[in-house]
Amino acid sequence: MTIRVYSTLTRRKEDLVPVVAGKISMYVCGPTVYKPSHVGHMVGPVIFDTIKRFLVRSGYDVKFVINITDIDDKLIVESARRGTSVPALAAEVTADYMTCLDCLDVNSVDSFPRATDHIPEILAMISGLIDKGHAYASDGDVYFDVGSDPDYGKLCNRDPDQLEAGARIEISSRKRNPGDFALWKGAKPSEPFWPSPWGNGRPGWHIECSAMSMKLLGESIDIHGGGLDLQFPHHENELAQSESFTGKPFAKLWLHNGLMKTGDRKMSKSEGNEIVVGLLLKKHRAETLRCLLLSSHYRSPIEYSEDRLLEVQRGLDGFHRFFQRFERIVGESFYGLPTGQFELADSHFAAYGTRFVEHMADDFNTGAALGVLHDLLGALNRFVEVSRLDHPAPSAVAVSDFKRNTLVLRDLSNILGLFQRPISVDTVSQDDLAGPLVEFLIELRNDARKNKDFAMADRIRKKLADLNVTIEDRPGSSGWRRG
RNA sequence: GGCCCCUUAGCCAAGCGGUAAGGCCGCGGAUUGCAAAUCCGCUACCCCCGGUUCGAAUCCGGGAGGGGCCUCCA
């Protein structure tokens with residue numbers, strides 16, 4: 001199946017044709033590590049992790065890189081403010097970022113290169129650009145000469161002359177043109193620095209991505225991704241310096257994810273309206289956040305609110321109840337089922353897999369894919385009803401079919417990175433006193449029901465409900481759950 | 001001022017020329033002693049005005065409203 005992807009470069013959907021057959025290289029711009037991650041920082045990683053999962057499931061060998069920018073003006077300012085060093089700040093914030101990704105099950109990233117580990121590559125590239133006449137040293141700085149690149153502006157449809165007219169960019173006497181950007185910045189006193197042919201200094205903002213992308217993935221890669229806000233100037237500049245350096249296409253497809261909003265504004269550190277991930281995860285499951293991020297198309301802006309999160313949570317609850325149902329009927333955990341095998345199901349169920357794949361192959365339409373997941377959930381619950389699997393002594397054949405058909409749900413949800421592990425086991429059933437007590441009360445209630453003493457039965461159920469225990473009566477037995 | 005993008009039910013959301021997926025909420029019904037859970041059913045003048053077309057939420061033009069970028073930003 002042909003996978004179609006919208007590229008910012010051409011402003012339309014393109015067929016995914018790998019540079020190297022069977023392989024996909026993917027570079028996504030990661031964070032500048034000066035402050036703890038907020039929810040918006042998770043959008044890209046979750047989307048691209050999902051894209052990789054889908055591509056791998058589709059048979060591609062995918063190499064996925066997210067960079068860490070650990071040297072930048074922001075780090076210098078923030079570390080000074082906090083009285084710590086740039087490396088210490090970078091290490092701390094990077095660790096926070098990794099923890100967030102881990103919570104969200106973003107675990108398909110192959111490497112997280114750091115800018116400061118690639119100074120030699122960066123220096124080599126800057127030298128090369130100077131040699132080729134695309135950059136010039138100026139009083140300790142080195143700038144990319146925008147005028148030397150006739151293609152400059154092709155990603156964002158930007159005209160360099162317009163940039164001059166705008167005059168909102170930094171005008172420096174060291175630059176030839178206002179649109180020129182720093183490849184290397186000379187160090188001021190007390191700033192961290194590395195020696196270079198142009199004096200002590202540090203890399204400019206965009207060069208690290210070009211250097212690391214080329215080193216780890218090659219001169220031409222398949223997918224370059226990042227937030228919509230990086231289109232300009234970051235990606236435009238990366239593109240210009242990379243292609244000026246190699247003379248080859250830098251990335252075939254440019255993907256940009258929409259930005260997270262709170263209220264009706266973009267969530268960002270500079271707006272000061274960011275929701276820090278660590279804080280959010282104290283109140284909500286990471287899985288709920290992941291699902292929220294996947295519920296709309298990756299290119300759309302996504303609205304964040306507490307209510308939205310709770311709404312997504314309620315939707316997910318239906319799946320969690322199903323997993324308990326599955327375990328009760330099959331006697332095995334849903335989470336233990338093998339992944340990647342939806343084709344083994346009955347054709348009626350496997351068809352959901354096909355539909356799902358079609359949606360994903362059309363520019364990674366996770367929202368539509370999630371819709372299929374809900375349809376499938378309904379179909380599986382229907383199967384339980386029709387086959388009377390919730391009744392005592394169900395047919396062994398039906399149970400076996402049920403298990404096989406549930407492989408579809410396991411496979412598809414795994415592509416989205418959902419339901420990766422059981423949600424935290426509630427403490428009541430683990431408690432060796434409370435669990436048996438609840439069971440005993442249910443037993444008493446069922447005795448009362450047999451004797452038609454519904455007043456007593458309802459009294460017991462009401463009391464348990466007050467204690468946040470919900471009783472579920474089924475044919476032949478009664479279960480219970482928290483909440 | 002320049003460059004992008006968005007506008008679908010109470011809310012979220014898919015849709016990419018053939019008469020509107022899905023979720024949340026709500027309302028009926030099946031089931032239940034009653035509930036819960038599950039299943040079934042119901043809820044859309046697709047922002048407005050023109051145009052193209054046998055046919056448009058989908059294409060084109062204009063208008064209104066909203067957002068992003070042009071300065072650090074995922």
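All of these numbers come straight from a predicted model, not from anything done at the bench. In what follows, chains carry the letters A, B, and so on, assigned in the order in which the sequence lines appear, proteins first and then strands, with residues in each chain numbered from 1.
- Counting non-hydrogen atoms under 4.0 angstrom, A:I471 reaches a base of the nucleic acid.
- Residue-level contact check: A:R449 touches the bases, meaning some heavy atom is under 4.0 Å from a base atom.
- With distances taken from any side-chain atom of A:M260 to the nucleotides B:G33, B:C70, B:A74, the minimum falls on B:A74.
- Listed nucleotides B:U38, B:C5, B:G15 differ in distance to A:Y6; the shortest reach to its side chain belongs to B:C5.
- For A:D473 against B:C34, a side-chain-to-base donor-acceptor contact under 3.5 Å is present.
- Relative to the side chain of A:N157, the nucleotides B:A74, B:C3, B:C12 differ in distance, and B:C3 lies closest.
- Within the nucleic acid shown, A:R461 comes within 4.0 Å of at least one base atom, counting heavy atoms only.
- In terms of polar N and O atoms assigned as donor or acceptor, the side chain of A:R158 comes within less than 3.5 Å of the base of B:C69 in a complementary pairing.
- In this structure, A:E385 reaches the bases: a heavy-atom distance under 4.0 Å links it to at least one base atom across the strands shown.
- Looking at heavy-atom distances under 4.0 Å, A:G30 makes contact with sugar-phosphate atoms alone, never a base.
- Here the two rings, on A:F319 and A:H374, have centers that are under 6.0 Å apart.
- Backbone-only contact: A:T470 has heavy atoms under 4.0 Å from sugar-phosphate atoms and none from a base.
- Residue contacts shown for A:G226 are limited to sugar-phosphate atoms, with no base heavy atom under 4.0 Å away.
- Here A:M42 lies out of heavy-atom contact (under 4.0 Å) with every strand.
- Of the candidates B:C70, B:A21, B:G33, the closest approach to any side-chain atom of A:P233 belongs to B:C70.
- In this structure, CZ of A:R328 is placed 13 Å from P of B:A37, rounded to the nearest angstrom.
- If you take CZ of A:F454 and C1' of B:G33, they are 4 Å apart, rounded to a whole angstrom.
- The phosphate of B:A74 (OP1 or OP2) has no side-chain N or O of A:N257 nearer than 4.0 angstrom.
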